[in-house]
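Below: the structure, in structure tokens.
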Amino acid sequence: MVVHTDFNMLSVLQFAVEVLKVKHVIVCGHYGCGGIRTAMSRRDLGLINKWLLHIKDVYRFHAQELDSIEDEQLRVDRLVELNVMEQVHHLSDISFVQRAWRDHQRPMLHGWIYDINTGYLKDLIKVDPSKHAHDIYEYDF
Ligand SMILES: [Zn+2]
């Protein structure tokens, strides 16, 4: 998850982008994810509910598509994909990522899915530095 108020993730990411100067950042989900499945349920898990709310939001953004998928496993796996894409977009919304794009034309952002059954990775989405975040997320430096 790329949650904008998660200072642990943001600190690690800023260190990677600004100090280590990484060229690629990968968000990797996996099919059959229990976290995604739980977010799709009404289970009350206390504090964990707060984190899963971010996934429930992704479900709501795509409810029409997801509700039309009858098979539960396929619906879980599609939400796995949509969630990874959403998290990659969150990366592109971060000001220091946008600054690195402007100044260094990196990092490339990737969204992958790992299929535990086959061992294959699915290359789902790529966001390169020439692309821009949605207008509302773009910063003037
Ligand atoms: Zn999982």
Side-chain angles (χ1 to χ4, degrees), residues 1-139 141:
M1 299 299 291
V2 178
V3 176
H4 296 308
T5 52
D6 177 359
F7 291 103
N8 185 29
M9 178 279 295
L10 288 169
S11 300
V12 169
L13 184 66
Q14 187 171 6
F15 185 76
V17 170
E18 294 185 354
V19 180
L20 300 177
K21 305 183 187 316
V22 298
K23 293 181 175 137
H24 301 273
V25 176
I26 299 161
V27 176
C28 188
H30 67 98
Y31 289 129
C33 179
I36 295 283
R37 183 183 300 279
T38 305
M40 288 169 65
S41 77
R42 294 179 170 201
R43 269 183 85 187
D44 174 13
L45 294 171
L47 186 64
I48 298 166
N49 296 343
K50 307 277 183 265
W51 207 249
L52 296 181
L53 275 172
H54 298 290
I55 301 171
K56 288 180 183 283
D57 289 341
V58 177
Y59 192 106
R60 181 168 49 84
F61 301 154
H62 301 277
Q64 199 172 6
E65 177 189 348
L66 290 163
D67 287 343
S68 73
I69 302 171
E70 281 184 34
D71 183 85
E72 196 204 351
Q73 189 60 53
L74 293 176
R75 199 164 57 245
V76 169
D77 288 347
R78 182 58 182 149
L79 184 55
V80 166
E81 294 179 350
L82 292 167
N83 184 54
V84 163
M85 289 189 271
E86 185 69 19
Q87 303 319 308
V88 171
H89 285 298
H90 288 179
L91 287 176
S92 73
D93 303 338
I94 297 170
S95 55
F96 63 77
V97 170
Q98 292 180 16
R99 198 175 293 115
W101 284 353
R102 186 201 61 187
D103 296 345
H104 309 291
Q105 294 73 53
R106 62 168 177 75
M108 176 88 87
L109 309 178
H110 305 266
W112 291 356
I113 307 287
Y114 178 58
D115 189 331
I116 293 169
N117 293 317
T118 65
Y120 287 114
L121 284 169
K122 185 172 183 180
D123 189 351
L124 206 61
I125 184 173
K126 241 184 225 111
V127 178
D128 68 65
S130 69
K131 297 222 178 87
H132 296 278
H134 187 280
D135 255 12
I136 195 76
Y137 299 108
E138 211 161 319
Y139 296 96
F141 297 113

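Every number for a ligand or one of its atoms is a count from 1 in the order of the listing.
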May I ask you to decide whether Glu70 forms a salt bridge with Arg75, counting only side-chain N to carboxylate O separations under 4.0 Å? no
Pairing residues for Arg78 by the side-chain hydrogen bond (donor to acceptor under 3.5 Å, both in side chains) criterion, not counting sequence neighbours: Glu65, Glu81
Is there a side-chain contact between Lys126 and Met108 in this structure, where contact means two heavy atoms from C-beta onward sitting under 4.5 Å apart? yes
Is the closest side-chain heavy-atom distance between Leu79 and Met40 below 4.5 Å? yes
Mind jotting down which residue pairs meet the side chain to side chain donor-acceptor pair (under 3.5 Å) criterion with at least one end in residues 88-98? Sequence neighbours excluded, please. Glu86-His90, Gln87-His90
So the ring-ring contact (aromatic ring centres under 6.0 Å, His included) pairs with at least one residue in residues 55-87 (sequence neighbours excluded) are none
Residue and atom names of protein N/O/S atoms that fall under 2.8 Å from the Zn ion (ligand 1): His30 NE2, Cys33 SG
